[in-house]
2 protein chains.
Amino acid sequence: MARKTGSHGDITGPKVHAAALRLIARHGFAAVSMRQIAHEVGVQAGALYRYTPDKQTLLFDLMRGHMDALLAARAAAAGGVAVFDTPLIRLDEFVRFHIRFHLERPDAVFVSYMELRNLTPENFAALEALRRDYEDQLEVILLSGAAAGEFGLTDTKITTLAIIAMLTGLTTWYREDGRLPLTQIERIYTGLVRGAVGVS
Amino acid sequence: MARKTGSHGDITGPKVHAAALRLIARHGFAAVSMRQIAHEVGVQAGALYRYTPDKQTLLFDLMRGHMDALLAARAAAAGGVAVFDTPLIRLDEFVRFHIRFHLERPDAVFVSYMELRNLTPENFAALEALRRDYEDQLEVILLSGAAAGEFGLTDTKITTLAIIAMLTGLTTWYREDGRLPLTQIERIYTGLVRGAVGVS
DNA sequence: GTCTATATTGAGATAGAC
DNA sequence: GTCTATCTCAATATAGAC
């Protein structure tokens, strides 16, 4: 089917999201103008409003898209563990999953953790619920390890949050051409996490 | 000495910093206007320029003030340790210090970690140097513990960054009226850190 | 679906009166 | 030291031509 000249909706849409993610990660939501995003896409500012009703919704869509992808990828990964896998095996797998997923999309991670303040209260609440869903998946692993007597935990909830903060912090300094290969970094972090949950 | 009416420079200056810190922590640097800050202080926008040459310098002063205070407080605390204190004792002390210092000034912590993107390159470089000075103090403790055979570390640098990320993450969820008292939280985190460095 | 043009609003910063 | 007034510029968002 021939398209009308100048009709590029199916390609422009994703480009708007990609450009917005890149720019907001670098400069922050409030510091980025719709004009800048349009320029990056290669259209005029007015054209963006075919793809989002307003700037706030654009931000929310980016952040919700990231959390949806995180939960979907996590569900797929968790579906792959065997029923007889120990809590420790599942913990290691979670650590590797978290590191891989977050390092593969640094811009989305940055935006999702830094721009919560710029969401409306309703949008903020929606994202917080998704974030809690994800945290709960680690907490379940910790609880099962504690119940089995394999982990030594003082406080499951705090340990969950502490581990996630430790792992996500990796995104602030990791460079692809850095000193260590990713597999080695994964080994170091699984070791740190094992220590934190009392597994030697 | 009687002052001229309307002359409040010695009191307005700190108020400008306090108001800016509060507002920027809540809404982000780019989202806060000089007019909002002025309103919070109780003056007109033009009056702010008696206390800062521009908005960028105001941000930098806030962030550098925080890092200066951090390093000064750390120097004071490190000066209090006895020469015969073990690496483990000094590690525990660092953890408690970091938690206390950061929880006492959540706004400054928030601004210092979130607004790095909004600094000019020169100002950014200056702050990064201060941050590295602080991280080095933990790394020195880890190195001494490893050298003494008391800590089991795979990678000192990464462990340093991982511990600091874990501890600072606390500021994102801690509430004064929360489930646990601060002393108990400190105990949990010292336990997590001990585990991460291979001390049972 | 994208453009140009524009309505409206508010930003950072400065000048000069008091 | 603070105010009022203002310059200059750029923001979000919309309207209507093509």
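Chain letters run A, B, ... following the sequence lines, proteins first and then strands; every chain starts at 1. Model, not experiment: these values are computed from the prediction.
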Notebook entry, point to check: Within this structure, what is the NE2-to-P distance between B/His39 and D/dC3, rounded to whole angstrom?
Noted result: 13 Å
Just the table, please: protein N/O against nucleotides 10-12 of chain C N/O, every pair under 3.5 Å.
from: C/dA11; atom 1: OP1; to: B/Ser33; atom 2: OG; distance (Å): 3.3
from: C/dG12; atom 1: OP1; to: B/Lys55; atom 2: NZ; distance (Å): 3.0
from: C/dG12; atom 1: OP2; to: B/Met34; atom 2: N; distance (Å): 2.7
from: C/dG12; atom 1: N7; to: B/Arg35; atom 2: NH1; distance (Å): 2.9
from: C/dG12; atom 1: O6; to: B/Arg35; atom 2: NH2; distance (Å): 3.1

Next item on the list: Keeping the roles fixed (side chain from B/Ser112, backbone from B/Val109), state whether a donor-acceptor pair exists under 3.5 Å.
Entry: no
Margin query: Once you measure the plane-to-plane angle for B/Tyr189 and B/Trp173, does it fall in the parallel (<30°), tilted (30-60°) or perpendicular (>60°) bin?
Written below: parallel
Note to self: Which residues pass the ring-ring contact (aromatic ring centres under 6.0 Å, His included) test with B/Tyr134, not counting sequence neighbours?
What the structure shows: B/Phe94, B/His98
Check: Of B/Gln56 and B/Arg50, whose nearest nucleotide on DNA chain C comes first from the 5' end?
Finding: B/Gln56
Item checked: A/Phe60: ring-ring contact (aromatic ring centres under 6.0 Å, His included) partners, not counting sequence neighbours -> none
Item checked: Phosphate contact (D/dT4 OP1 or OP2) by B/Gln44 side-chain N/O below 4.0 Å -> yes
Checklist line | Residues in side chain to side chain donor-acceptor pair (under 3.5 Å) contact with A/Gln44, at least two apart in sequence or another chain | finding: none
Notebook entry, point to check: Is it true that B/Arg117 and A/Glu115 make a salt bridge, defined as a side-chain N closer than 4.0 Å to a carboxylate O?
Noted result: yes
Notebook entry, point to check: What integer distance in Å separates A/Ile37:CD1 from D/dA11:P?
Noted result: 11 Å
Next item on the list: Apply the test side chain to side chain contact (heavy atoms under 4.5 Å, CB included) to residues A/Leu116 and A/Glu128: give CA-CA distance (whole Å), side-chain angles for both, the deciding distance (0.1 Å), then the verdict.
Entry: CA-CA 9 Å; A/Leu116 288 165; A/Glu128 283 293 283; 4.2 Å; yes
Note to self: Other members of the hydrophobic cluster containing B/Leu143, with the 4.5 Å side-chain heavy-atom rule, please.
What the structure shows: none
Item checked: Residue-level proximity of residues 117-126 of chain B to DNA chain C when a heavy atom falls under 4.0 Å -> none
Note to self: Taking only side-chain N and O atoms of B/Thr12, does any of them lie within less than 4.0 angstrom of OP1 or OP2 on D/dT2?
What the structure shows: yes
Next item on the list: Give the rounded distance in Å between these two atoms: CD1 of A/Ile11 and P of C/dT2.
Entry: 11 Å
